[in-house]
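Down below is the structure, laid out as structure tokens.
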Amino acid sequence: MSSNCAVILAAGQGKRMRSRHAKVMCQVLFKPMIDWVCDSVIEAGVDDICIVTGHRSDEVIRHIGEKYSIVQQTERLGTGHAVMQADEYLTKRNEGNVLVLCGDAPLMDSATISGAYEQHISSGSMATIISARLKNPFGYGRIVRSDDGSVTAIVEQADADERTRQINEVNSGAYWFKTEALLQMLGSLSNDNNQGEYYLTQVISLLCQNGFKVDAFTADDDEVVLGANDRIQLAYLNERARVKVIRRLMSEGVDIPFPDSVYISPDAKIGSDTQILPNTIIKGKVSIGSDCVIGPNCCLENTLVSDGTALDNVSSVDAAVDEGAVIGPFARLDGNTHIMKSAAVGSFSEIQNSTIGIGSVVPRLSFVGSSDVGDNVSFGSASVTAGSGKDGSRCRIGDNAVIGSNCSLVNPVKIGRNARTAVGATVSEDVPDSVSAKPRARQMVKKIGSKNGRSAE
Ligand code: UD1
Ligand code: CA
């Protein structure tokens, strides 16, 4: 589809969302709706994309970056008017076909886009509408066909008479056009309708009136048309998308025994025989290997999890967990953290901006921050690294070191290989290799009421 391009309409305010943000930035499964649409278009093989922005265009532009062309629609005068703003973009590409879609319909998928394109080309149509048959077509534009079945017009809900309202085939708001034909008709749009808008849908009847062939591709999956105009519809889209993602993962061999409370982003990758347990949320581009147990109650974001790991009640952002590591219950990983092969992080522990080496163990109630921990290091319970490490300084702990329970390692400090630190020690000076450090005063005892104490034996 290399000579083809796409225009995504994303200027609307979406008043009923009652949001300060652009409507297309509202999220479905933790992913802005505009990203769903762009990703489906790219997956269908079209990577030349123009986005029409308007309300909160600053936010949309910041989010999109330099990836796609952007045009502005300063006044929202309708979907036809929105496409007119891309006139220059389309004129430069008038040889091919253009896919026009709505930025607020995130479930439009690449299979439907590709299927419609094949029909568009093989039928030699100037426009192919992606339609669906809905039990409740209320609110959508209806596809009007003549007696021989050919499409003649799209009539909006607001303009439809009682008979037209009975039609259950609706316009998804996505279409393939021969670019030249679309450009030719845009100039003739009027706003003579019940909403006083320039409707893109009028292009369809104009093409028919000028003797051009127009077709409709009816999607197998009627959910591709679903859009979100308010928070209730947004929640419904989330639920439909959630079920779709979970079903796909199950078909790929992921074990989700109690799926009702599991939320997984469409961009997550999960290997077969991994079990995802209840109340688990997986956001964005998380990748999880095979044979893992994730959950219950895990929340993972930007995290890479290798094969055979177990994460129980873990919150993780910006982290990597290597093969066979065991994390939790009730642990947090964040800020560029790497847990290496077969390491363990125990209950109520947090690892931040640190590497925990192969086979090392950080058990319960510990905090390791801005540290490089070697292999086979053993932490006692309730050990912490102190100091922010904001200046880039780090604690370095050599292989096979043993950190006693309740130790504070004051950043930056270096603990040598095979070294030990005593229970309860505050370690602020480096400990050489194979040395045991006991930097704490002997316990003093004194009889209650007496002046003099003595060291305990
Ligand atoms: C539109 C279609 C309708 C279809 C429905 C599918 C028209 C006239 N109607 O109706 O046939 O069934 O989509 O969801 O096209 N937008 C702009 N600028 C504007 C107006 C809208 O960029 O001036 C964008 C919106 O941000 C949105 C998309 O176009 O992403 C659709 O606009 P919306 O007002 O929601 O159209 P509908 O009334 O839903
Ligand atoms: Ca809409």
Side-chain angles (χ1 to χ4, degrees), residues 298-305 311-322 325-444:
C298 284
C299 185
L300 311 183
E301 192 173 349
N302 191 25
T303 295
L304 212 83
V305 181
L311 276 65
D312 175 357
N313 284 271
V314 172
S315 161
S316 173
V317 185
D318 304 331
V321 179
D322 291 354
V326 177
I327 317 289
F330 308 105
R332 175 162 172 82
L333 312 177
D334 71 358
N336 195 20
T337 276
H338 184 183
I339 310 295
M340 294 173 83
K341 197 172 162 182
S342 305
V345 176
S347 45
F348 306 102
S349 290
E350 176 168 345
I351 314 292
Q352 196 180 71
N353 183 25
S354 295
T355 299
I356 305 296
I358 298 170
S360 291
V361 179
V362 183
R364 62 206 72 77
L365 300 163
S366 294
F367 170 72
V368 176
S370 303
S371 299
D372 300 308
V373 177
D375 296 344
N376 298 312
V377 171
S378 172
F379 276 75
S381 303
S383 299
V384 299
T385 58
S388 69
K390 274 191 187 139
D391 57 356
S393 58
R394 310 209 29 108
C395 286
R396 281 164 298 155
I397 300 165
D399 296 346
N400 307 313
V402 177
I403 309 298
S405 293
N406 193 27
C407 274
S408 297
L409 307 181
V410 183
N411 186 337
V413 76
K414 186 178 173 202
I415 311 293
R417 291 160 147 260
N418 304 306
R420 287 165 182 258
T421 66
V423 171
T426 297
V427 185
S428 52
E429 284 164 38
D430 290 356
V431 179
D433 289 354
S434 307
V435 157
S436 168
K438 265 194 177 180
R440 68 188 146 101
R442 292 185 80 185
Q443 182 171 302
M444 298 292 290

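Below, each value reflects all heavy atoms present in this structure, side chains not excepted, and no hydrogens, waters or symmetry copies.
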What is the distance from atom [atom1] of [X] to atom [atom2] of [Y], rounded to the nearest 0.5 Å?
| X | Y | atom1 | atom2 | value |
| --- | --- | --- | --- | --- |
| N353 | N336 | CG | CG | 5.5 Å |
| I358 | N376 | CD1 | CG | 8.0 Å |
| I327 | N313 | CD1 | CG | 13.0 Å |
| I356 | S371 | CD1 | OG | 7.0 Å |
| T421 | F379 | OG1 | CZ | 8.5 Å |
| T303 | L333 | OG1 | CG | 7.0 Å |

Within the distance-only criterion (no hydrogens, no angle test), does the side chain of S360 pair as donor or acceptor with the backbone N or O of V377 below 3.5 angstrom? yes
If you take all heavy atoms of [X] and [Y], which pair is closest and at what distance?
| X | Y | result |
| --- | --- | --- |
| S381 | R364 | OG-NH1, 2.5 Å |
| D334 | T337 | O-OG1, 2.8 Å |
| A319 | S316 | CB-OG, 3.4 Å |
| G369 | S354 | C-OG, 3.3 Å |
| G404 | S383 | O-OG, 3.1 Å |
| A401 | G416 | CB-O, 3.8 Å |

With side chains defined as the heavy atoms from C-beta onward, is the minimum distance between [X] and [Y] less than 4.5 Å?
| X | Y | answer |
| --- | --- | --- |
| H338 | D322 | yes |
| R396 | D430 | no |
| V314 | V321 | no |
| L409 | I397 | yes |

Just checking, any donor-acceptor pair under 3.5 angstrom between side chains of S315 and R332? yes
Flag for S393-N411: side-chain donor and acceptor within less than 3.5 Å: yes
Take atom CZ in R420; do more than 12 heavy atoms of anything else shown fall under 6.0 Å from it? no
Note: D399-R417 ion pair, threshold 4.0 Å (strictly below): yes
